Each structure stands twice: as C-alpha cells, then as structure tokens.
Trainee: 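Before we start, here is the structure in question, set down as structure tokens.
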Amino acid sequence: MTQKIVVTGVGATTPLGGDARSTWKALLAGESGISTIDAEWVTKYELPVTFAGQAKVNAAEVLTPQEIKRLDPSSQFALIAAREAWADAGSPDVVPERLAVEYATGIGGVWTLLDAYDALKEKGPRRVLPMTIPMLMPNGPAAAIGMDIAARGGVRTAVSACASSTEAVANAIARLRSGEIDVVVAGGCEAGIHPLPLAAFAAMHALSKRNDDPAGASRPYDVNRDGFVMGEGAGALVLETEEHAKKRGAKIYAELVGGSVTSDAHHITAPDPEGTGAARAVTAALKQANAKPEDVVHINAHATSTPVGDIAEYTALLRVFGDHLSNIAVSATKSSTGHLLGGAGAIEAIFTVLALHERTAPPTINLENQDPAIPLDVVTSPRALPDGPILAISTSFGFGGHNAVIAFRSYQG
Amino acid sequence: MALSQSEVLAGLAEIVNDETGIAADAVQLDKSFTDDLDIDSISMMTIVVNAEDKFGVKIPDEEVKNLVTVGDAVNFITNAQ
C-alpha cells in the first residue's frame, strides 16, 4: 500500500503577515499586502514601478545579528518560515538521515550578488565579503534550513522561476514514498524587491504600473488587470509520512495526494495558449491522487494578474475540468499577497491546506469587473467548502515553460 | 596617534562580536581564534578586512595564518600602525 503523506506544520512570512496564521487571517479579511516602496532607489533610478508586496516583518527583529549578516534576505525569510513550520509541527523527533529539505527560490541571492558587485566596483576585491558565494547561491535557503534542523537525508533546491516552490513540494512526494525519508521541510522563498529585478520585470512589461493605486494593482481576472505585482517572503510546510505523524501523535492539516511537473517547450516566457502542458500537470496530479476532475472543489490558481497568463491558465483548467470547472471555487490569492515568485507556490500551498482544514476558500480581492473571457467561479469573499472528503489543487507556472501542480485532500484520520 | 594594545584589543573584540556574536569580554589575548573562539576561516577573513578598515593597517593574506591567538592579531595591528 502506498504510504500516505500528510501536512503537519505550516510557516510563512509574507506581505500580509509575519507568520502563517496572521497571513491567513489577513487574507480572509480581504486585506492587501501591496504598498509603495519607501526606498531612495525608487526615485534615484526613476523606476517605472514604485510598489510591491513587501514582507510585513523586519527579519532583523526575528533573527540574530549574525544570521542577518550571514544570510541573504531570501534565506532569512526561508529560515523564519521554516522555523515556524517546524515548531508548528511540534519539532518532530526524527532521525537526521531520514529528514530532508526540498526548498526553492526563483532568483536566489540577488541582493547579495549586486551588493557585492557594488563593493567590488567601489572598494576593490578585498572588500567583497568571503560569505558572498554561500549567500548568493540559489541552494542557500535550503542549506540554511537543513543546517538549522539537522537534515541529513538530502537538501535539494528546485529552481523553475515562479513554479519553483510548487515543484519543491511535488518533489517531496517521491522522497517520502521512497521509504528512505520520514519528514521533509518543503517550500520556497524570494527576496527580489531590488531595483534591478524590478527594472527587468518592468522592461518585459510583466508588472502592473498602477503606481497611484498599489492595493488595487494585483487584480487577477479583472478586465483592467495590467500585470503582476512583485512580492517577497517565504512559505514552508512540514510533510511527513502518515505513519510517522501518527506514531508521534502529530496534528494533521491535510493530505498531500499528488504533485506533477510538466514543461511546455513553447516559448521562454509566454504560456502555451493551448494550455496543454499545464493541463497535463493537473491531470497527472489528479491521477496520483486517484481522483477524478469532478472531485476537485477548490483551486488556488496561479493567476498572477497578467493579461495573457490568466487566460492561458483558464484555458488549461477548462481542458481538464470541462463543465465541472464552473462548480469549482477558485481563489486568486496573489490579489492580496502579490507574486512571491519562488515563494508563491509555497504560500499558496499553505492557503490550499488551510482552506481544506478550515473548509473555507479565501477571497480574491480587486475583482471589480470580471473578464468575460474567464468565466470562472471566483471566490470574492470567504466561502465555505463542502463537508466530507474534499480535494483541492494549487497551480504554479514559471518562465521557461514550467508547470507545477499539487493536490491536497482533506484529512479524514 | 597610534592606539595602545588595550585599545586595539577592545576594538578587535568589538569586530569579533559584531561578526560572530561572541561576547566582547570573551575575546582575550590568550584565546585562539579557532580552538577557543570557534571562528571559522570565512569569519576570520571578514574580521581581518574589518580590522584593516578600523585600524588603518594592511594585514597581508600570508600573515593571517600566523594570527593564531587574539594576542597575535593585537600585536600585529599595534606594530603595523
């Protein structure tokens, strides 16, 4: 019999809150985490986009000065989220060789890299900090978590742009089903609110330019959506075999029943308008879950608020769900959080898990005039989900043609 | 004006504390950076560069391996001023 995988801990630091609970509460309350960036570089470089979803908590108030000094902001967020998830799971007593980390980032240590380049240019090579490489490497966040919890069963990093952390969660499944690993800390992080990524995303016309209305800028499915809003932060989930979780009497939020990764090989940034790759990922995740499309009651959609992306995802979902799609409660939580890139899938996995656990789909804000080309049943205020066993999926897609989908089922004990 | 040995020690202890979190009063002349204070090579290089800035001296890379104890570093910096 295939070993069941359960979620026993969640942790997050986001533009909505400094932990998973406050984030979830703010999300249900319909709050926006998007605001104007108060930094001199916004005006100095005359950036075309002046707002983002900035992390609510100042990492320096949570971590030690040495952790701040030795970790890129992306790893700082990762450590904050992972520690919360670990504590939430009851700090499992697990054999280190049977504990693994699957953690993601989209960009890696961009602040460290560019600060170091500034130091090189201004002061010379001797002023480039010796910690620069371990701080900027994309596996830095996973390694920091692995060191913190003494994970010796393998620490891996998924890097697939905005699909990264959903892929990391999906990657945990095979590890836990292998029989070699009992517990995985999975998720992802990003700290890319730096002038260069902002300028670069703006250069490709991917970002909303609604500078005079930051809170209203991320508006998935709205006819007036004009791009995504960059966010920062991290999410982490403690995933565990059911056997291990039960043996230690852990509380269980939900069951992770499927995860799939596919690729489009279509265009480096544009989604495949036919949505076949994304649809295959959904179908494969459902197959792993031994579920039919009709079993899905809730989707936490990727829905970044870009004109083409939202439609492409709808097309893909329609391909899988057909008429049943109109029965599914769809939440586009980036409307509140912004797009955490490599951290997006992780926090959305947490939202999906909590939606099942609390039987409440979170709202999508800023939907004033729904695009008639996307006739989804979008949840705009917290909505009760049905009783009994229910299934939900979370989708993520990334530049490079990456599609990642994970499926969770309510836990019946 | 050159700093005294105790002033250099106090300044160095501050740098060590800032980089590693080790209490400044634990940074004493007879302590070994690696064996007693558990400072790794990456932190050591950061401490060296920060000490160069603070005391206006040059500590060549080949000299760093000779700075076994805090006293070695304090003496080097005091003499190099």
Side-chain angles (χ1 to χ4, degrees), chain A residues 58-80 82-83 108-109 111-152 155, chain B residues 8-28 31-70 72-74 76-81:
Chain A
N58 178 0
E61 292 170 3
V62 183
L63 301 175
T64 68
Q66 281 67 45
E67 287 168 339
I68 294 294
K69 210 179 288 272
R70 286 197 154 211
L71 296 171
D72 180 81
S74 58
S75 292
Q76 294 170 15
F77 291 145
L79 202 53
I80 291 169
R83 282 178 178 166
W111 274 101
T112 296
L113 176 66
L114 296 171
D115 282 353
Y117 189 43
D118 286 344
L120 173 69
K121 286 184 292 184
E122 289 162 19
K123 299 175 186 166
R126 201 164 168 78
R127 294 301 180 273
V128 174
L129 291 173
M131 276 300 287
T132 301
I133 296 295
M135 285 171 69
L136 71 82
M137 60 193 194
N139 55 316
I145 294 168
M147 297 265 292
D148 204 53
I149 58 173
R152 302 207 169 93
V155 167
Chain B
V8 171
L9 174 62
L12 189 62
E14 202 174 291
I15 292 170
V16 170
N17 171 258
D18 190 46
E19 173 61 20
T20 65
I22 295 167
D25 59 10
V27 183
Q28 295 167 359
K31 299 293 184 205
S32 157
F33 285 108
T34 50
D35 297 341
D36 296 324
L37 301 179
D38 200 24
I39 290 172
D40 63 22
S41 60
I42 287 181
S43 286
M44 190 64 191
M45 284 314 300
T46 308
I47 290 165
V48 164
V49 171
N50 288 341
E52 287 184 340
D53 279 350
K54 187 175 189 114
F55 301 113
V57 297
K58 183 94 186 101
I59 308 175
D61 282 352
E62 57 274 19
E63 189 61 43
V64 174
K65 66 178 183 301
N66 299 325
L67 307 180
V68 177
T69 65
V70 173
D72 295 337
V74 169
F76 183 91
I77 293 165
T78 308
N79 294 332
Q81 284 181 116

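This one's a predicted model, so the numbers in the text were calculated from it and none came from an experiment. Order of the sequence lines sets the chain letters (A, B, ...), proteins ahead of strands, with each chain counted from 1.
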Trainee: When rounded to the nearest 0.5 angstrom, what is the spacing between OG1 in B:T46 and CZ in A:R127?
Mentor: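 Reported to 0.5 Å precision, the distance equals 11.0 Å.
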Trainee: Do other residues, nucleotides or ligands put more than 12 heavy atoms under 6.0 Å from the CZ atom of A:R126?
Mentor: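 Counting other residues, nucleotides and ligands, CZ of A:R126 exceeds 12 neighbours.
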Trainee: Heavy-atom distances under 4.5 Å only: say whether B:D18 touches chain A with side chain, backbone, both or neither.
Mentor: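 For B:D18, the contact with chain A is made by backbone and side chain together.
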Trainee: Using heavy-atom distances under 4.5 Å, tell me whether B:N17 contacts chain A through its side chain, its backbone, both, or neither.
Mentor: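 Backbone only.
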Trainee: Testing the basics here: between A:P130 and B:M45, what is the closest heavy-atom pair and its distance to 0.1 Å?
Mentor: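 The answer is CG-CB, 3.6 Å.
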Trainee: Please name the pair of heavy atoms, one in A:K69 and one in B:E19, separated by the smallest distance, quoted to 0.1 Å.
Mentor: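 The answer is CD-OE1, 3.2 Å.
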Trainee: Which bit of B:S43 is near chain A, if near means a heavy-atom gap under 4.5 Å: side chain, backbone, both or neither?
Mentor: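 Both backbone and side chain of B:S43 come within 4.5 Å of chain A.
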Trainee: Might you confirm whether atom CG of B:D53 has over 12 heavy atoms from other residues, nucleotides or ligands at distances under 6.0 Å?
Mentor: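 Yes, because the 6.0 Å sphere around CG of B:D53 holds more than 12 heavy atoms from other groups.
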Trainee: If you count heavy atoms of other groups shown closer than 6.0 angstrom to CD of B:E14, is the number above 12?
Mentor: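 No.
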Trainee: Which heavy atom in A:R70 sits nearest to a heavy atom in B:D40, and how many Å separate them?
Mentor: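 That would be NH2-OD1, 3.1 Å.
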Trainee: Using heavy atoms and a sub-4.5 Å threshold, report which of residues 111-120 of chain A line up against chain B, by residue number.
Mentor: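 Residues in range: none.
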